[in-house]
Amino acid sequence: MPLKLSELNPQAQASLLALSQTQPKSTKDAKSVLQSEVGKLVQAGALDQTQAKAVEDLFDGGKLFKDQKSLDKLQKELTKVSTTATQDVQRQGMRGGGGTASLAQVQLQSQDKPAAQQNSGPGGTIPELAGFSPRVRRAAMRLLARKPGDEVVLNQLRELLPHLKSRGLSDRKCEQLIKQLGQADVTLSYFTKPDDIDGIKSEHAISQTVRKDLEAALGKEAQPFLEVFVALRDKALGRGDDSDLVGRMDAAVKQLSAIESPVDGERISPHVINNIHAAKIEMADLLGKIARQGNPDASWNELAVLYRNLICDLAQDRNVFITSRPSSEDGWPELRAMSDWEKEVAQIKDQDPETYALLLLRRKTYKSIEKAIEKSVADNGMESRQANILGRVVTIGKDPATKEEYVFDYDGDILPVDDYVEKRQNFLDARELLAKVPSKTEVPLKDLRTIDADALGKLKGDIEHVALTDDKAKMGQLTRIYPTMWHQGQ
């Protein structure tokens, strides 16, 4: 039985439309991509086994990608049914229709709502989409359908959208940049050549602080390697006259290989040099692709990220902490020194991966709590705002009728502001008191009094099983569990 595209759910429609717009390098790649995408849709419940088989037949096992005419026809049909589904779901949302919505449906229902009504969780709605055209919103919907439940891609999308809006890019350009999200690291830069390039200073691709820090760690011989990054930006903007960037990079790498650090006399780690040599081949391929295709922004974007990563790896090898952010002028990644907090997190990531994973988990937990708090404020019919009370940012709900304000705390308490101030002050006083006598509160596990299970059972009091650790970074996490009892004695 032939597949009826209109009967597929919106997530499947959007995913197939995105699939039809991919460009596999070979029939083998096309078949692999097709099977992978169909498998994901089956796993997500967007396709049953019969539909999955029909989809593979529709794409002729991947051979359809070679037939551009048939592929264009399929794309038109998918665009048509996807647009119809968008309108149906929006009408259902306006009527208050029930039922469980798929990720794509939830996204679609948000598009006509005011930004203030939209929440920001994965699979939720995206206030940053407000003000964009239907074409751009559909591109975002297809992306989320292609990456269901992927919080990283969702956050990247939310980071990208304000950048697109501030740049005033065309719908076509916005759609192209959204499509790149989810690809390996390309999304951390959004290069798009602007119409007016006169005011853009390419040398701002590397801040003066980063230059000084790297010169202190490696010497002046490292500067030619950095200047290639600046030259790449110039050429991307159409004003660079250097046609042998690979040659410049090759000469710069030879200098790097011979550098002995003025700090400790050590040379750059072999794996960093090897990665740079491997990147030269990829860089040459991308420059050739750019020459053949007429300066496409997407390829310059790949080059920018490739070279930025090389500089970051080089800096990390010499304990120089740098990061990047996209330029507000052309989206090119601009390197800057990390803040003290960013540096501390980077060191933890490098030296203690377990603790770093716990930090990410805790951050994710707090985000979930914050979303629950916002929902609780809304459920109580209150207006919410953020405030800093005694060094802690909290959410305050204001009753529109009585004008009374309440603090919605992380532990679930809902308190009048004065009561929360008292609670917070008591906590700070207790912490300060404990800090005065660290020998009584920061006791190593090995110094705790220990007895065997029989002796413990003879003492008066309740036995409590507690997870204990000496590592403050792991406080609140599940560590080794001990049977414990508070006992006052000699």
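These values consider heavy atoms only, across backbone and side chains, with no hydrogens, waters or symmetry-generated copies.
Using bins of under 30°, 30° to 60° and over 60° for the plane-to-plane angle, the ring pair Trp332/Trp300 lands in the tilted bin.
The pair Arg233-Glu334 meets the salt-bridge criterion, with a side-chain N (NZ, NE, NH1 or NH2) lying under 4.0 Å from an Asp/Glu carboxylate O. Between Arg385 and Glu405, at least one side-chain nitrogen of the basic residue sits less than 4.0 Å from a carboxylate oxygen of the acidic one, meeting the salt-bridge criterion.
Between Ile396 and Ile389 the shortest side-chain heavy-atom distance falls below 4.5 Å. Looking at heavy atoms from C-beta onward, His271 lies out of side-chain contact with Asp313 at the 4.5 angstrom threshold. With a 4.5 Å cut-off on side-chain heavy atoms, Arg336 and Thr209 do not count as touching. Side-chain contact between Met283 and Val228: present, with at least one pair of heavy atoms (C-beta onward) separated by less than 4.5 Å.
The backbone N or O of Val272 sits nowhere less than 3.5 Å from a side-chain atom of Ser269 that would complete a donor-acceptor pair. Checked by atom type and distance alone, the side chain of Asn380 pairs as donor or acceptor with a backbone atom of Ser376 at under 3.5 Å. Side-chain atoms of Arg424 come within 3.5 Å of backbone N or O of Leu390 as a donor-acceptor pair. Without hydrogens or angle criteria, Asp57 side chain to Asp60 main chain gives no donor-acceptor distance under 3.5 Å.
A 6.0 Å sphere centred on CD of Glu203 holds more than 12 heavy atoms belonging to other residues, nucleotides or ligands. Within 6.0 Å of atom CG in Asp340, 12 or fewer heavy atoms from other residues, nucleotides or ligands are found, so the atom counts as exposed in its surroundings.
Checked against ring pair (Phe, Tyr, Trp, His ring centres under 6.0 Å), Phe59 has the following partners two or more places apart in sequence or in another chain: Phe65.
Side chain to side chain, Ser384 and Glu374 meet the donor-acceptor criterion of an N or O pair below 3.5 Å.
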Derivation and outcome, salt bridge (Lys or Arg N to Asp or Glu O under 4.0 Å), residues Asp285 and Lys289:
CA-CA 6 Å; Asp285 289 343; Lys289 181 179 177 181; over 6 Å; no
